[in-house]
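Keep in mind that this is a model prediction, so the values were computed, not measured.
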Amino acid sequence: MMLDIRAIRANPDEFRIGMTRRRMDPTIIDKVLALDEEWRKDLAEVERLKAVRNKASEDIARKKKAKEDATSEIEEMKKVSDEIKALDESVRSADEALKALLLELPNKPHDSVPDGLSEDDNVDMRHVGEVPHFSFDPLPHWDLAEALGILDIERAVKITGSRFVLYKGLGARLERALASFMLDVQTEHGYTEIFPAFIANDASLVGTGNLPKFGDEMFKLEGLPYYLIPTAEIPLTNYYRDEILSADMLPVKFAGYSSSFRSEAGSAGKDTRGLIRLHQFQKVELVKLVAPETSYQELESLVDDATRILDILELPYRVIEICTGDLGSKETKKYDVEVWLPNQKRYREISSCSNFEDYQARRANLRFRRDETSRPEFVHTLNGSGLAVGRTIAAILENGQQQDGSVRLPKALVPYMGGVEVIPAP
RNA sequence: GGAGUGAUGGCCGAGUAGGUCGAAGGCGCUCGCCUGCUAAGCGAGUAUACGCCCAAAAGCGUAUCGACGGUUCGAAUCCGUCUCACUCCGCCA
């Protein structure tokens, strides 16, 4: 389950409005309600029959024990059992259809999310840092990187294929340094560092909402129910899947470093050069499991944790709020953090911070108990990148480039680079 | 990869010639009693999901003994498939 079927039953209009705000067809809600009704009708009947059968079974057992004859009851129960079998089947298929439909429904946007049709309607929240001015035409990061000998795209394509890269020398070191630096900052923010497996099973992907709907965005292992993770969100959010946490464990904060694998189906022709859109990239992902009443305030602090990296690296960025028309299907509210790329003369997404409320928690059966005696409740889950390493490298190169082709590194990175302050011009 | 053993409630652990078992017992936990304090002791309680009812609570019902399927009037108990864990062998970083 993903949306609460009881909430839909109680307030179908709210959900119809949610669909409409997302520019999707609200009549799907009526399909859900019809299926739900059918399922409950059959369920009530089959449960009634089972109650009859259970009673009769007790009688039969008692008679047998007393060495009495029970053949007439047994005969009668044969008929009831056949009915149960048939009804069970229709309950099962109605339930399956309902679950399948619910799994495909998107989450309901939060009331505070601005209405809009597309990304053009996203709302600028704030700009931080000075956009640098160059006395020369700033180069794109891929030209810089290849000239500096720290990125070898041609050979990466030979070894694997397009949309893969290979870092070399100080480039490889920069990748490593950034991962280390980001993890250090985020653990200081109270996140527990996690290094997960890069392959997850289908149940985990259903838990986070990547399946069943978005299977074609991932790489699947042939013949196995395993996928290369498209983000460390998968292992981090599923860490406590099917568990009940105690309230004092909340908020759970994980920072996971991993490669992320994306098939990029449907993005042919977009960002074909450089480090912006790859089949594999590394990032530090932040995941929080929180008490429901705190999730929107946790979302704000999540954005702060992500942008802190850019503050320290002195890279200019902006934060935008995503409108209903551009909101991903799992999210109730989302902010994107975008870093300035001088060559493209525009901001590009480097982190995306979202609240899912209980959407993933329902799917992953991820609950907590307020105190010993209270019933389990679903947690709220959030995540955001903190940050994507490849895009950070692109930003460092483009913003730090100097006339002679060398690149000045952010001061905070120097200790992680073994004292290197500048990647020297070739 | 080969051979074997196993999977029961928060934990440990009974229960296999099928019958009133959601499941003995212990531990833990909660509440109460008792006790200068603590410890011990005594009593009661202690799963989850869904449906019905409903303002809510209570109540009623169904399901759940790794998962799925089968046999049967009836399965924790029998049969099949799968998953996972452990042990030994092989292989390997």
Which residues share a ring-ring contact (aromatic ring centres under 6.0 Å, His included) with A/F15, sequence neighbours left out: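 Once residues adjacent in sequence are excluded, A/F15 has no partner under the ring-ring contact (aromatic ring centres under 6.0 Å, His included) criterion.
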
Taking the [atom1] atom in each of [N] and [M], what is the distance between them to the nearest angstrom?
| N | M | atom1 | value |
| --- | --- | --- | --- |
| B/rG70 | B/rC65 | P | 15 Å |
| B/rC33 | B/rG51 | P | 39 Å |
| B/rU87 | B/rC79 | C1' | 27 Å |
| B/rC53 | B/rA58 | C1' | 11 Å |
| B/rU16 | B/rA7 | C1' | 15 Å |
| B/rA23 | B/rA14 | C1' | 10 Å |
| B/rG6 | B/rG10 | P | 24 Å |
| B/rA3 | B/rU71 | P | 30 Å |

Selection: residues 235-252 of chain A, any non-hydrogen atom under 4.0 Å of RNA chain B: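 Heavy-atom contacts with RNA chain B come from no residue of residues 235-252 of chain A; none.
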
Residue list, side-chain hydrogen bond (donor to acceptor under 3.5 Å, both in side chains) with A/R48, at least two apart or on another chain: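 So A/R48 forms a side-chain hydrogen bond (donor to acceptor under 3.5 Å, both in side chains) with A/E45.
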
Contact pattern, 5' to 3', of nucleotides 51-80 of chain B - B, S or - by protein heavy atom under 4.0 Å: SS--------BBS-------S-BS------

Please list, one pair per line, the donor and acceptor atoms closer than 3.5 Å that link side chains of residues 228-237 of chain A to other protein atoms, with sequence neighbours excluded.
from, atom 1, to, atom 2, distance (Å)
A/T231, OG1, A/E233, N, 2.9
A/T231, OG1, A/K283, NZ, 2.6
A/E233, OE1, A/N383, ND2, 3.1
A/E233, OE2, A/K330, NZ, 3.1
A/E233, OE2, A/Q360, NE2, 2.7
A/E233, OE2, A/N383, ND2, 3.0
A/T237, OG1, A/E233, O, 2.9

With [X] via side chain to side chain contact (heavy atoms under 4.5 Å, CB included) - residues at least two apart:
| X | answer |
| --- | --- |
| A/P251 | A/K253, A/V290, A/E298 |
| A/F164 | A/T160, A/H279, A/Q280 |
| A/A70 | A/I60, A/K63, A/E73 |
| A/E421 | A/R408, A/V414 |

Consecutive-pair stems (at least three Watson-Crick or G-U pairs, under 3.5 Å) that include RNA chain B: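 B:1-7 with B:83-89, B:10-12 with B:25-27, B:28-33 with B:41-46, B:47-52 with B:59-64, B:66-70 with B:78-82 - these are the stems of 3 or more pairs that involve RNA chain B.
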
Length of the CZ-P vector between A/R62 and B/rC21, whole Å: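 Result: 11 Å.
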
Ring center gap for A/Y191 and A/F254 short of 6.0 angstrom: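 A/Y191 vs A/F254: aromatic centres not under 6.0 Å.
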
A/F261 and A/F219 aromatic centres sub-6.0 Å: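 Distance test on ring centres: not under 6.0 Å, no.
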
Report, one line per pair, each donor and acceptor closer than 3.5 Å where one atom sits in a side chain of residues 193-209 of chain A; sequence neighbours left out.
from, atom 1, to, atom 2, distance (Å)
A/N201, OD1, A/A203, N, 3.3
A/N201, OD1, A/S204, N, 3.0
A/N201, OD1, A/S204, OG, 3.1
A/S204, OG, A/R241, NH2, 2.8
A/T208, OG1, A/S204, O, 3.1
A/T208, OG1, A/L205, O, 3.4
A/T208, OG1, A/N210, OD1, 2.7

Residue pairs involving residues 162-172 of chain A (criterion side chain to side chain donor-acceptor pair (under 3.5 Å); sequence neighbours excluded):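 As it turns out, there is no side chain to side chain donor-acceptor pair (under 3.5 Å) pair with a partner in residues 162-172 of chain A once direct neighbours are skipped.
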
Any A/R369 side-chain nitrogen or oxygen under 4.0 Å from OP1 or OP2 of B/rG10: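 For B/rG10, OP1/OP2 do not have a side-chain N/O of A/R369 under 4.0 Å.
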
